[in-house]
Amino acid sequence: MISAMPPTPIQPQNLLTRSLSAVWHPCSQMKHYEQFPLIPMTRGSGVWLYDTDENRYLDAVSSWWVNLFGHCNPRINAALRDQLETLEHVMLAGFTHEPVVQLSERLRELAPAGLGYCFYGSDGASAIEIALKMSAHYWRNTGKPHKTQFISLQNSYHGETLGALSVTDVALFRDAYSALIRQQATVPSPDSRLAETGESAEDFALRCADKLEQHLQQHHAQLAAFIIEPLVQGAAGMAMYHPIYLQRARQLCDEYGVHLIADEIAVGMGRTGTMFACEQGDISPDFLCLSKGITGGYLPLSVVMTHDEIYQAFYADDTARGFLHSHSYTGNPLACRAALATLDIFAQDNVLAANRDKAAYLNTIAQPLRDHPSVKNWRNTGMVWAFEVNSPHRDFAQRCFALGLKNEILLRPIGNTVYFMPPYIVTNNEIDFIIHRTLKVVSQLV
Ligand SMILES: *Cc1c(COP(=O)(O)O)cnc(C)c1O
């Protein structure tokens, strides 16, 4: 037996400065860490994260929406240990292996009808790149090479590589790179907060679908695909909308010969109450993109699922007709095995049913928070909750994050929107904790 040689330990008091001198952190203005220091973490267990001083934090955002069954989940750990002793990685061009085949077959069983083929990438943005390229390449292979444009919803977020940014409508992430991007058109978001007073979420969604139809009517000849985040636009601030929009979008895309790409990177894997959000509109997209929760939050992996008609358009003797996109770690066995262990937990623990009870419990005990005079637009879809806070602080998000940590809870507001996306193993006691501490934090910031 060879035992693991840990790298020379870093003294906890040095971790911060050494991180700031060597690591460029994501989604950050590095200078802000002078005022809001990094938190040096050592371990995780269940919904809890622990720092070098053994302070604990309840991970109410599932570590950027990826963790489904808690940190250091014993079942996922065991599966990974087993896989580590068997096969850590092999290239997927010219080779195959058990975890990738099993995962593809199981996803096909779970996914909306017809999505029989899995193409793997390594993160969410790479799945979006794959779906966009596959869609345009399909049209090229089928004699419509002019169908190269895409549309997305206003306030959409689909990742931050250049192709994904071209269908992302968040100015802060996009503007610095606008010269590098072939910006695509957007259509109105059915975000139910934007409905007129007295207008139902459903009527508003239908009105937005009419706008989509107008756009398709005019531009369908150039359009390859319409890309959406089904039911919840995450980075827009958990904007939620009525599932009728999915139904209309599917009908209209069929009518005008445009692909529908469902970006379920955040909302897939049970987050909206069904395994996939598309189920709630009773639709099957042409491309289904999954990542984030697919490995339970353990390892980077993404998958684009598509149906036979798309697959067949690439199947030929000519190499150039094939989908030649490649990633070094495509279908990595460890990541696939983590995903299989994650699917096992869904099946063995009847997770979706248990989540319905947890969601009902949270909605009930959250009443004092919902009734707080500075809290508005309380909303919930499955295991996602969000609300806006009326606060005089312009840096509300940063203050809320910092004050949350002082109160042992990891909240990461988007602007003035506070949201919860807890791991599914959260208990009722922990839900009490989330609500109680959030109420305390919010009360101090208004
Ligand atoms: C996070 C996210 C992405 C991008 O995934 P990464 O793994 O961060 O590249 C794309 N779409 C949606 C809806 C997301 O939430």
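These numbers come from the heavy atoms of this one structure, side chains and all, not from hydrogens, waters or symmetry mates. Counting starts at 1 for both ligands and their atoms, following the listed order.
- Nearest to atom 6 (P) of ligand 1 by heavy-atom distance, out of A266, S291, G124, S156, is G124.
- Taking every heavy atom of W65 and a limit of under 4.0 angstrom, the matching atoms of ligand 1 come to 15 (O).
- For F173, the ring-ring contact (aromatic ring centres under 6.0 Å, His included) partners two or more places apart in sequence, or in a different chain, are Y157.
- Polar contact check, D263 against ligand 1: a nitrogen or oxygen pair lies under 3.5 Å apart.
- Counting atoms of ligand 1 from 1 in the listed order, those under 4.0 Å from a heavy atom of G159 are 4 (C), 10 (C).
- Residues F323 and F119 place their aromatic rings such that the two centres sit under 6.0 Å apart.
- In this structure, the ring of Y120 has its center no less than 6.0 angstrom from the ring center of H327.
- Between the side chains of H325 and S126, no donor-acceptor pair is found at a separation under 3.5 Å.
- In this structure E105 satisfies the side chain to side chain donor-acceptor pair (under 3.5 Å) test with no other residue, sequence neighbours excluded.
- Here is the list of ligand 1 atoms found below 4.0 Å of a heavy atom in A125: 4 (C), 5 (O), 6 (P), 9 (O).
- Not a single protein heavy atom sits closer than 4.0 Å to atom 8 (O) of ligand 1.
- Between R106 and D344, at least one side-chain N (NZ, or NE/NH1/NH2) sits under 4.0 Å from a carboxylate O, which counts as a salt bridge.
- Using a 4.0 Å cutoff on heavy atoms, W64 does not count as a contact of ligand 1.
- Only the side chain of K292 comes within 4.0 Å of ligand 1, judged by heavy-atom distances.
- Only the backbone of H158 comes within 4.0 Å of ligand 1, judged by heavy-atom distances.
- Side chain to side chain, R248 and Q251 meet the donor-acceptor criterion of an N or O pair below 3.5 Å.
- Polar contact with ligand 1: absent for I128 (N/O pair, distance under 3.5 Å).
- Which parts of ligand 1 touch D123 is read off a 4.0 Å heavy-atom cut-off, strictly below it: atoms 7 (O).
- Note: F346 and F69 meet the aromatic proximity criterion, with ring centroids under 6.0 Å apart.
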